[in-house]
Amino acid sequence: MKPNMIRNVSKTGFTAMLWLCGTMLAYSQRIELKDLSAFRNPGNSWSLAGNVVADLNGENVLKATKGEGILVNQSSAKKAGSDLFTVNEYGNVAVELDYLTSKGANSGIYLQGNYEIQIDDAWGLRNATSSNNGGIYQRWDDTKPEAEKGFGGVAPRQNASKAPGLWQHIKIVFQAPKFDALGKKTQNAKVISVVLNGVTIHENVELFGATRGAAGAEKATGPLRLQGDHGSVAFRNIVVTALSDIPKSDQRGGADPIYIEAASNNMIRSFVDVLPGVRSVHAISVGGPEKTAYSYDLDNGTLLQGWHGDFIDATPMWDGRGNGTSRALGSVTRFTKKPVLAISKLANAQDKWVTDTAGTGFRTKGYVLDKQERPTFKYNIYGTTVTDAVKVMENGEGLTREITVGNASKELYFLLATASDIEEVSKGLYLVDDKSYYIQLADGTAKPVIRDVDGKKEMVVAIGSKLNYTILF
């Protein structure tokens, strides 16, 4: 086999790359959002920004900051925006991008301008339909009775959506329809796969026709189209890869999967891999009917991750001899890259964080269950008893956390976050780690300190006798 060949190509509006890998030829184009030249006649609702923030308390509000790198559409009922079409047209294609929505927004990604993968604010929704985020939108027939006009839509396997104002990542592999020399369709289009926020939500879905709102008749090639007339939305990191051959969707072999559901409150003890090579060996994962779950490290009192969607894949733990690990089945938001103590005793807010339990007197005391069989964690540290009550919000939008210490001390601090960046967007509300999640501090909480440590940001706060906050993701 010849070695892979890579060649950079310069093109207006794009950074392009051509590569050969076996028999598959792919032409990848990253849309450089320094201007709008990659798009046909963009309407005035579209602009570029250096930053964008959603208002969690206001419907359809995005606040954009001047700059480049982010494509923003501002659309409202009073002043509707317009759809955006790429100059280039595609047949078989992989589309990968980030997007974020305003609260209550609605948009979509149309393959070839005709087949819509829905974008909307589906945060906290337990049962998504084809009209919700990640759904393959329905077809439409005006000749049918009202209740039957919409048909053929495909709901995502689970709701892997994040909150408004948080970046969501989607990757779509699409097989174009085929036509004979006379223009008759000989093969339907197909969605080979859609992966939303790390979760496969569609595989091998045949499209028997264009979805509602199609730009025109089905054809062999067409532009990528971003819907802009239903609400304010932003995009970035848009990469479009034209494919000569269609890769097969993930057909996993091996053992039958062992999945654990959480139709009622449920939990499982296991190892949890935080990142490759970073493992919590004394962890518990907790889920429930809200379809929001989390993993907690008992050796440090640290929240490891939270996720929306299905509960646990226990296959690696229980198949054969197993390796002790379980995996989240939903869209994971990581709260730490390494389990470290949640609480440290510091001389002041700039003092170095204690990274292990040596000299702290740390001792886990396990957990107690409430009437709904939800755990509250307990441990001793620095001569005091800590009670850590982590609860899934009833609406499934995130987690509440109440830290109580037996003996209040001005020297006890809590590590709220370690991240690439931390941005205060309103009083007590912070965006964390490139808009991965929000931290909302309760009223009356001491002002946190955001400090620079080894090229990262740390957010610490004095506990007092009690600390309350919410994680929204």
Side-chain angles (χ1 to χ4, degrees), residues 50-57 62-63 65 69-70 98-103 123-124 160-169 197-198 234 236-237 274-275 278 292-297 300-308 328 330-344 349 353 388 390 392-393 396-403 413-442 445-463 467-473:
N51 191 24
V52 62
V53 175
D55 184 347
L56 288 182
N57 297 312
L62 286 183
K63 300 175 183 178
T65 303
I70 299 174
D98 299 329
Y99 66 89
L100 65 76
T101 72
S102 56
K103 182 180 178 181
W123 186 32
S161 305
K162 301 191 76 171
L166 301 182
W167 287 116
Q168 308 194 54
H169 185 77
N197 297 326
R236 70 174 188 182
N237 297 333
V274 180
L275 289 173
V278 180
T292 297
Y294 67 90
S295 297
Y296 186 94
D297 181 84
N300 292 279
T302 300
L303 265 176
L304 300 172
Q305 59 188 15
W307 66 94
H308 298 298
S331 56
V332 173
T333 298
R334 303 208 183 276
F335 304 134
T336 184
K337 294 179 173 61
K338 183 180 180 181
V340 296
L341 281 172
I343 292 176
S344 280
W353 198 259
D388 190 352
V390 182
V392 174
M393 297 171 67
E397 293 178 347
L399 307 171
T400 63
R401 194 174 189 186
E402 182 177 270
I403 311 293
Y413 285 80
F414 191 85
L415 182 60
L416 288 163
T418 300
S420 59
D421 61 277
I422 300 172
E423 175 185 5
E424 186 173 17
V425 292
S426 61
K427 185 179 179 180
L429 180 66
Y430 298 82
L431 275 168
V432 182
D433 216 14
D434 193 24
K435 296 182 175 62
S436 292
Y437 61 98
Y438 295 94
I439 287 178
Q440 173 74 69
L441 299 178
T445 303
K447 180 74 174 179
V449 174
I450 300 173
R451 59 194 203 171
D452 295 303
V453 179
D454 298 328
K456 298 287 186 181
K457 299 288 186 182
E458 282 186 351
M459 185 177 179
V460 303
V461 65
I463 299 175
L467 171 66
N468 286 278
Y469 73 101
T470 302
I471 304 176
L472 305 171
F473 56 95

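Side chains included, hydrogens not; waters and symmetry mates left out as well; all remaining heavy atoms used.
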Review point. Does a side-chain heavy-atom distance below 4.5 Å link H308 with S161?
Key: no
Practice item. Give a yes or no on whether the backbone of L341 and the side-chain of W353 come within a donor-acceptor separation of less than 3.5 Å. Key: yes
Check your understanding: Taking NZ, NE, NH1 and NH2 as the nitrogens, is one of them in D98 or K435 under 4.0 Å from a carboxylate oxygen of the other?
Key -> no
Review point. How about V274 and P339: do any of their side-chain heavy atoms sit closer than 4.5 Å?
Key: yes
Practice item. Flag the pair L472 / W123 as yes when at least one side-chain heavy-atom distance between them is below 4.5 Å, and no otherwise. Key: yes
**Study point:** Validation row, ring centre F335 to ring centre F473 under 6.0 Å
**Key:** yes
Check your understanding: So do the side chains of L275 and R334 get within less than 4.5 Å of each other, counting heavy atoms only?
Key -> yes
Check your understanding: Ignoring hydrogens and geometry, is there a side-chain-to-backbone donor-acceptor pair from K103 to D55 under 3.5 Å?
Key -> no
Check your understanding: Of all heavy-atom pairs between D421 and K457, which one has the smallest distance, and what is that distance?
Key -> CA-CG, 4.0 Å
**Study point:** Side-chain heavy atoms of D388 within contact of Y296, under 4.5 Å
**Key:** yes
Review point. So, do L441 and Y430 sit near enough that their side-chain heavy atoms are less than 4.5 Å apart?
Key: yes
**Study point:** Any donor-acceptor N/O pair, T292 side chain to G398 backbone, under 3.5 Å
**Key:** no
Practice item. Quick one: list whatever passes side-chain contact (heavy atoms from CB on, under 4.5 Å) with A442, sequence neighbours left out. Key: T445, N468
Review point. Would you find a donor on one side and an acceptor on the other, under 3.5 Å apart, between the side chain of Q440 and the backbone of T470?
Key: no
Review point. Quick one: does L416's side chain get under 4.5 Å of I422's, heavy atoms only?
Key: no
Practice item. Just do the side chain to side chain contact (heavy atoms under 4.5 Å, CB included) check on T336 and L303 with the steps written out, would you? Key: CA-CA 8 Å; T336 184; L303 265 176; over 6 Å; no
Exercise for review: Name all residues meeting the salt bridge (charged side-chain N to carboxylate O under 4.0 Å, His left out) criterion together with K447; count only those two or more places apart in sequence or in a different chain, and write none if there are none.
Suggested key: E424
